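Start at 1 with the first residue, then count along the sequence. All of these numbers come straight from a predicted model, not from anything done at the bench.
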Amino acid sequence: TRTRIFDVAAESVEKVWGVKPLLVREGGSYGGITSFLERSLKAPAIHLPMGQASDSAHLPNERISLKCLVKGREVVEDFLMNI
């Protein structure tokens, strides 16, 4: 469900990265975590981007680039300032 939260998050991503985000329902260590949070809290839940699919999350060579980490912080900061 699209709500103001999703619109503000998309605006923050576009502002920081300079491209419109592709909104997909995935993320987190467990794919169903967003649905679980929404049902449990009866509120919208989102994952704000930090890394890339190529970061090998939860594998022995897991990593995140400094650029992604800094821009991710900027996205979160902008989102929180505008929500």
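The cluster map of Ile, Leu, Val, Met, Phe, Trp and Tyr, joined by side-chain heavy atoms under 4.5 Å apart, puts Ile83 and Phe6 in the same cluster. The hydrophobic clustering, which links ILVMFWY residues whose side-chain heavy atoms are closer than 4.5 Å, places Val76 and Val70 apart. Cluster annotation: Val19 and Val16 are assigned to the same hydrophobic cluster (Ile/Leu/Val/Met/Phe/Trp/Tyr, side-chain heavy-atom contacts under 4.5 Å, transitive).
Smallest separation of non-hydrogen atoms from Met50 and Ile64: O-CD1, 3.6 Å. Nearest heavy-atom pair across Ile5 and Phe79 is O-CE1, 3.6 Å. For the pair Ala45 and Leu37, the tightest heavy-atom approach, listed with the atom from each and the gap, is CB-CB, 4.0 Å.
Contacts classified as salt bridge (Lys or Arg N to Asp or Glu O under 4.0 Å) and involving residues 72-83 (residues at least two apart or in different chains) are given here: Lys15-Asp78, Arg73-Glu77.
Every residue was checked against the side-chain hydrogen bond (donor to acceptor under 3.5 Å, both in side chains) condition with Arg39, not counting sequence neighbours, and none meets it.
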